[in-house]
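Notes follow the structure.
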Amino acid sequence: MVAPAASHSRPDAADLLVWYDRHRRALPWRAEAGAVPDPYRVWLSEIMLQQTTVAAVKPYFARFLDRFPTIAALAAAPEEAVMSAWAGLGYYSRARNLHACAKAVVAAGGFPDTVEGLRKLPGIGAYTAGAIAAIAFDRREAAVDGNVERVISRLFAIETPLPAAKPEIRTLAESLVPARRPGDFAQAVMDLGATICTPKRPACALCPWMPPCRARAEGLQETFPRKLRKEPGLLRKGAAFVAVRAGDEAILLRTRPPEGLLGSMAEPPTSAWTPDYDPARGLLDAPLDARWKRLPGVVRHTFTHFPLELTVFLARVSAATVAPEGMRFTPRAELDGEPLPGAMKKVLAHALAPAAPVAPPQPAPPPDLATPPEPEPEPRRAPLPKVLSRRPASAAPIRKGGPRR
DNA sequence: AATCCGTGGCA
DNA sequence: TTGCCAAGGAT
C-alpha cells in the first residue's frame, strides 16, 4: 500500500532536467551536452555497467576503445582477444554476448534504433534496450535499472518488495518520461540515484524531487526499496593443480566450457567443486602424473551465489612434458594474455608466491601475479538464514521459500 | 518465477 | 569480518 501522505505533487521531469543540466556527471562514454552520442560507446558502456560500478568500468572502457576502436573492429576480433580484454570485469557471458552482438550489428549495417529491435540482440535486455534507445536515439523510452527502482520506490513509497514490485515500478517510471530530452532524462535519473538518492544516507536536502517524495515525507527514505535478501549458497571445496614446466616456466592451463560458471575463461586444471570435497584425495584428480606438493592454506573466493575454497597443488614438470588433451602450457610472461578470472589469479598467485617469510607478515596486495599475497589458513564459515533486509524495525519479518535441503 | 552468472569497494 | 551493493540478462 502507499503511504497516505499529504498533498504530494507529481514528480516533474522538468525539475529533474534543470538539476541535471547543472550537476550532470562527466563520464567517458557520455557525449558533451547537446552533442550527438555514439551508439557504439553508449552500447559498450551500458553492457559494461550492468551490475558493475562506474569506477570499475572506466579503465576497461578505455582499454576496449583502444583495442577495438569501432564496432567493426570488435566484430572482427577473435573471441579470445575479447575475453582477455574483459578478464576481471566479471559476468563473462556479457563478453561473449558483446562479441556476438557486434557481429550481428555489423552484419545488419548498424544498430537498430528502437527498443523492439535492440531487445533482440544478445546481451540486451529490457533495461539496456531502453537505455540505448533513449540515450543514443532520443526515443521516449524508460531505462529501468537499480537506480530507477530505488528512486521510484521512494518517490511513491512502494511497499511491495522487490523483485515483485518491478512491473509496478516500470509503469510508474514510464509515466514520468518526458516527450522532450528522454535520453537526458534517463541519464538524469541514474545520476540522481548515484549521487543523491543513494542506497544509504540519501542527500534529500539536495534532491530536486524532494517535494513530491512520499518516502521522504515520512522520513523512511532509507527503508526503500523493500527487498528480499537472497540466501547465501553452501561452501564448496575443491583442488587446483598448478604445473610449472622447467625451462620456460610455463603454466598448465585449460579453457572452461563456453556455458555456465566462468564460461570461456581460462584456469589451471581443478577438481570438481563440491561441499564435501576432501583435499586428501587431491592427487586422484591431478591432470598429469607429477610430484605434486600440497601447499599450505587455501584460496578463498566468493561468487555471487556460493563461497569457494580451493586447495592448491603445485608441481614442477620436465621441459619435455606435453600438455594433456585440451590443455596448454602458457609461459609466465604471457599470462596477461590469458582470460583468467579473479579466482584463478588468486590460485596462481598462491602457487607462485615465494616461500613464506620467516618472521614478518606482509600486506595483502590485490591478486597480482608479480607480487602475490600471503596464503591464509583457517576453514570457512557456513551460510546464514534468509531474512528481509532494510525493513523498518516495527515491520514484521517476511520469509521467502522453505527450509534448505 | 527463480536461479545462475563476478568482482571490488565500503561501512 | 561480514553483508550489501553497483547502469541486468538468459534460461
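Protein chains get the first letters and strands the later ones, always in sequence-line order, with residue 1 at the start of each.
- A side-chain donor-acceptor contact under 3.5 Å links A:Ser175 and A:Arg10.
- Taking 3.5 Å as the limit, the base of B:dG6 and the side chain of A:Thr304 contain a donor-acceptor pair of atoms between them.
- At a threshold of 4.0 angstrom between heavy atoms, the contacts of A:Gly193 with the nucleic acid are absent.
- Following rounding to the nearest Å, A:Trp273 (CH2) and B:dG6 (C1') show an atom-to-atom distance of 11 Å.
- In this structure, A:Glu259 places its CD atom 10 Å from C1' of C:dT11, rounding to the nearest Å.
- In terms of phosphate contacts, A:His301 brings no side-chain nitrogen or oxygen within less than 4.0 Å of OP1 or OP2 of B:dG6.
- No engagement by A:Arg96 is indicated, since no non-hydrogen atom pair under 4.0 Å with the nucleic acid exists.
- Taking the side chain of A:Pro199 as heavy atoms from C-beta on, and the options C:dC5, B:dC5, C:dG8, the nearest nucleotide is C:dC5.
- Side-chain proximity of A:Pro341 to C:dA6, B:dT7, B:dG6: nearest is B:dT7.
- Counting only N and O atoms by type, the side chains of A:Thr198 and A:Arg201 include no donor and acceptor under 3.5 Å apart.
- Atom-to-atom, CG of A:Leu89 to C1' of C:dG9 comes out at 16 Å; the value is rounded to the nearest Å.
- Using a 4.0 Å heavy-atom cutoff across all strands shown, A:Trp86 reaches no nucleic acid atom at all.
- A salt bridge links A:Asp191 with A:Arg25; the closest basic N to acidic carboxylate O contact falls under 4.0 Å.
- Closest-nucleotide positions on DNA chain C for A:Leu121 and A:Asp191 were compared, and the one nearer the 5' end corresponds to A:Asp191.
- If you check every strand for non-hydrogen atoms under 4.0 Å, A:Leu27 touches a base.
- The separation of B:dG8 from C:dG9, taken at their P atoms, amounts to 22 Å, rounded to a whole angstrom.
- The side chain of A:Phe303 lies closest to B:dG6 when the candidates are C:dA10, B:dG6, B:dC5.
- Atom CG in A:Leu49 sits roughly 15 Å away from atom C1' in B:dG8 (whole-Å rounding).
- OP1 or OP2 of C:dG8 has at least one side-chain nitrogen or oxygen of A:Gln51 nearer than 4.0 Å.
- In this structure, A:Ile47 reaches neither bases nor backbone, as no heavy-atom distance under 4.0 Å exists between it and the strands shown.
- Note: CD1 (A:Ile132) to P (C:dG9) measures 9 Å, nearest angstrom.
- Within 4.0 Å (heavy atoms only), A:Ala126 reaches sugar-phosphate atoms of the nucleic acid but no base atom.
- When the shell of 6.0 Å around CZ of A:Arg67 is examined, it contains more than 12 heavy atoms from other residues, nucleotides or ligands.
- In this structure, A:Arg150 reaches the C:dA6 phosphate: one of its side-chain N or O atoms is under 4.0 Å from OP1 or OP2.
- Between the base of C:dG8 and the side chain of A:Thr52 there is no donor-acceptor pair shorter than 3.5 Å.
- Rounded to the nearest Å, the gap between the P atom of B:dC5 and that of C:dA6 is 22 Å.
- Side-chain contact check for A:Thr330 and A:Glu338: at least one donor-acceptor pair (N or O, by modelled atom type) lies under 3.5 Å.
- Residue A:Ala55 is classed as having no contact, given no heavy-atom separation below 4.0 Å to the nucleic acid.
- Between the CG atom of A:Leu234 and the P atom of B:dT3 there is a distance of 14 Å, given to the nearest Å.
- C:dA10 and B:dA1: their C1' atoms are spaced 13 Å apart (whole Å).
- Using a 4.0 Å cut-off between a side-chain N of Lys or Arg and a carboxylate O of Asp or Glu, A:Arg254 and A:Glu267 qualify as a salt bridge.
- Atom NZ of A:Lys346 is separated from atom C1' of B:dT7 by 9 Å (rounded to the nearest Å).
- Between A:Tyr60 and B:dT7 there is no side-chain polar atom (N or O) within less than 4.0 angstrom of OP1 or OP2.
- In terms of phosphate contacts, A:Thr302 brings no side-chain nitrogen or oxygen within less than 4.0 Å of OP1 or OP2 of B:dG6.
- The interatomic distance linking A:Leu162 (CG) with C:dG8 (P) rounds to 12 Å, in whole Å.
- The residues A:Arg316 and A:Glu249 are annotated as salt-bridged, a charged nitrogen and a carboxylate oxygen being separated by less than 4.0 angstrom.
- When the nucleotides C:dG9, B:dC4, B:dG6 are ranked by their closest atom to the side chain of A:His305, B:dC4 comes out on top.
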